[in-house]
Amino acid sequence: MTYTLTTPLYYVNDRPHLGSTYTTIACDALARYQRLNNGSVVFVTGVDEHGQKIQRTAEQKQISPQEHCDSISSTYRDLWKSWGISDDRFVRTTDPRHLQLVQQFYERVKASGDIVSGRQTGWYCVGCEEYKDDPADAESPTCSIHQKPLEWRDEENLFFRLSRYQAEIEALVAQDDFIAPASRRQEVRNFVAQGLRDFSISRVNVSWGLPVPDHPGHTFYVWFDALLGYLTALLDDGGSTDLDRLDQCGWPASVHVIGKDILRFHAVFWPAMLLSAGLPLPKKVFGHGFLTREGQKMGKSLGNVLDPEILLERCGTDAVRWYLLRDIQFGDDGDFQQQRFIDLVNNDLANTIGNLLNRTSSMARKWFDDAVPSAGAAASPDFPLAQRASQATTTVSDAMETLSFKTASEAILQLAIAANGHLNDTAPWSRMKQPGEEAAVAEDLYAVLEATRLVGLLLAPLLPDLSARILEQLGQPPAGPDWRDRLVWGGLTSGSELPKPSPVMQRLELDEPL
RNA sequence: GUCAGAGUAGCUCAGCUGGUUAGAGCACAGGAUUCAUAACCCUGAGGUCGGGAGUUCAAGUCUCCCCUCUGACACCA
């Protein structure tokens, strides 16, 4: 069974920010876990490139919308590459294949009788791409979000008959495993319970969009086409763009990971569209929280945005990934605090985990011929550290299945702490000075090295780079498809060579704010 | 305004269906140690669990009222 997961298709109005990076990193961790665990995974990400907002941004920059999209989209693509994101598909909604798919989908929905035309009048905010509730006789109203004047629109639009799917959607959102985290279920349920209204799926006077067949002058509303990007991405496997092939390409998705702001589109509108087109529904929609910085909302006006590129360049991918995944309960809002960021990275990664490897490897090399010592009793799964390791493995697996990256991270850290504690309790450095203690010291060092190997292995989905460095210093290959098998206690071979250790994780030293 | 959620150590948060002296991480203080990336390990201090009333043998955990904060309330990638 293929595990399919998606990030949102990011809107290319502006350069990538930390929020999209956060989502993408989380998805990457999940994708890597599923790949290590099950094998077959399709990890979809991409960009949404249509709409009036983009059209106008391009106009301001005096370039064509396509040039604008090309530029921003490649920024995303490059950024994901430099973060080591393991996406399998990067879809662009300006791809000709996408137009084909959207029109095909539209024909299906139309054939179901779910497209009707209607008149839409009201005050419209281009920034929001939406109609506002201001009364028709309002005098020059402005958008409360964008602080810009609203525009009066009177349009003939096509509508999707969402209202027909009231019962199905109500049943869908009533399922406990569809919307995650649980804390966001109720608001969606309440919304649906109010009664679903049809929504418009086309715009006139927006040239930067996909043309609606048989309705000259109409382009698809960005939301209608953007969601369909997930399907385009899956069909982009070398085969044809044919909706009938979807079930062989990884549809339905196992999970759509999105920001909490667009939960409704994914949990309500999108499933209804799929029902109308006769396609299966995604299994789960996960709406994660937002990031603030030192307690404040990040924004241009405050000038406190964290640029992912700078963050990566100055701190490295492992540090940032660790902080975001380990310190924030995925689903909840999180606050980026520089001091805490530094504290956690240095304590957890450099001191606890990195130093554990360093000290253990050094002792083994010094006293046991640069090699893994004899396991003795430490080969047994009953050895105290072995049991801790097995607990950690179970916790990590359970946690990763539910996107609880924080729980997984903490479990790994606990194993490293237990291993450090074991060293301090058994004090190999003083026992080595006593005659006849060599075999016992060998056992303890073997056990601690083994625990460290498992720490490295368990870290693979979360921090692939650090994981590989740890394993390398234990003479082990990076995590691969045999991940599960290697998670069993006792994988290190006594007598195998240990390379000379060097710190796998540097401490962060940031004098100035990022 | 309506609905939902949250207010627990300096900070970020755990505390499931009510039950011994309320926990963790970070920060802080002290101790121990020297294998190691001035790292690791141990101990400690620190909380009237937003306020008030009630139910109960027993409430952070249930009920009611009040205060504060956050989010949703239709087309916000």
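Distance CD (A/Glu410) to C1' (B/G23): 13 Å, rounded to an integer number of Å. Atom CG of A/Asn157 is separated from atom P of B/C75 by 13 Å (rounded to the nearest Å). At whole-Å resolution of the value, CD in A/Gln194 and P in B/A4 are 13 Å apart. When rounded to the nearest whole Å, the span between CG of A/Leu385 and C1' of B/C40 equals 14 Å. Rounded to a whole Å, the CZ atom of A/Phe290 is 10 Å from the P atom of B/G71. The nearest whole Å value for the distance from the CZ atom in A/Phe191 to the P atom in B/A4 is 17 Å. Spacing between atom CG of A/Asn347 and atom P of B/A38 amounts to 14 Å, rounded to whole angstrom units. Rounded to whole Å, atom P of B/C73 lies 13 Å from atom CZ of A/Arg184.
We find that A/Arg431 and A/Asp444 are joined by a salt bridge, their nearest charged nitrogen and carboxylate oxygen being less than 4.0 Å apart. For the pair A/Asp335 and A/Arg293, the salt-bridge criterion is not met [side-chain N within less than 4.0 Å of a carboxylate O].
The partner of B/C64 is B/G52, by the rule that a Watson-Crick or G-U pair needs both atom distances under 3.5 Å. Look at B/C35: it lacks any Watson-Crick or wobble partner with both distances under 3.5 angstrom. For B/U43, the paired nucleotide is B/A29, the pair qualifying as Watson-Crick or G-U wobble because both relevant distances are below 3.5 Å. Pair check for B/A14 finds none; no Watson-Crick or G-U wobble contact set falls under 3.5 Å. For B/G5, the paired nucleotide is B/C69, the pair qualifying as Watson-Crick or G-U wobble because both relevant distances are below 3.5 Å.
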Study note, to complete from the structure: Readout for nucleotides 32-37 of chain B: B = base within 4.0 Å of protein heavy atom, S = sugar-phosphate only, - = neither; 5' to 3' it is -SSBBB

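With C1' as the reference atom, B/A9 and B/G50 are 15 Å apart, rounded to whole Å. B/C13 and B/G5: their C1' atoms are spaced 16 Å apart (whole Å). Taking atom C1' in both B/U20 and B/G60, one finds a spacing of 16 Å when rounded to whole Å. As rounded to the nearest Å, B/U56 and B/A14 have P atoms that lie 32 Å from one another. Here the separation of B/A45 from B/C28, taken at their C1' atoms, is 9 Å to the nearest Å. Using C1' as the reference atom, B/G18 and B/A58 are 8 Å apart when rounded to the nearest Å. For B/U34 and B/A38, the C1' atoms lie 11 Å apart once the distance is rounded to whole Å. Comparing the P positions of B/U2 and B/C65 gives an interatomic distance of 13 Å, to the nearest angstrom.
Looking at which nucleotide of RNA chain B each of A/Thr352 and A/Asp327 is closest to, the 5′-most match is held by A/Asp327. Place A/Lys406 and A/Leu162 on RNA chain B by their nearest nucleotides, and A/Lys406 ends up nearer the 5' end.
Between A/Phe341 and A/Phe336, the angle of the ring planes lies from 30° to 60°, which puts this pair in the tilted group.
Between A/Phe199 and A/Phe269, the distance from one ring center to the other falls under 6.0 angstrom. Between A/Tyr22 and A/His17, the distance from one ring center to the other does not fall under 6.0 angstrom.
Both tests hold for A/Arg264 against A/Phe191: distance to the six-membered ring centre under 6.0 Å, angle to the ring axis within 45°.
Contacts of A/Phe159 with the nucleic acid, taken as non-hydrogen atoms under 4.0 Å apart, include base atoms. The residue A/Arg365 sits apart from the nucleic acid: no heavy atom pair falls under 4.0 Å. Among the protein residues, A/Asp48 comes within range of the nucleic acid bases, having at least one heavy atom under 4.0 Å from a base atom. At the heavy-atom level, A/Leu357 lies nowhere under 4.0 Å from the strands shown. Base engagement by A/Gly195 is indicated by at least one non-hydrogen atom pair under 4.0 Å involving a base atom.
Among the nucleotides B/A4, B/C26, B/C75, the one closest to the side chain of A/Asn190 is B/A4.
The shortest side-chain heavy-atom distance between A/Asp333 and A/Thr292 does not fall under the 4.5 Å cut-off.
Contact annotation: A/Arg264 side-chain N/O to B/C73 OP1/OP2 distance is under 4.0 Å.
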Practice item. Report the C-alpha distance between A/Thr93 and A/His98 in whole Å, list the side-chain angles of each, state the deciding distance to 0.1 Å, and finish with yes or no for side-chain hydrogen bond (donor to acceptor under 3.5 Å, both in side chains). Key: CA-CA 6 Å; A/Thr93 59; A/His98 184 61; 5.1 Å; no

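In this structure, A/Arg185 contributes its side chain and A/Ile179 its backbone to a donor-acceptor pair below 3.5 Å.
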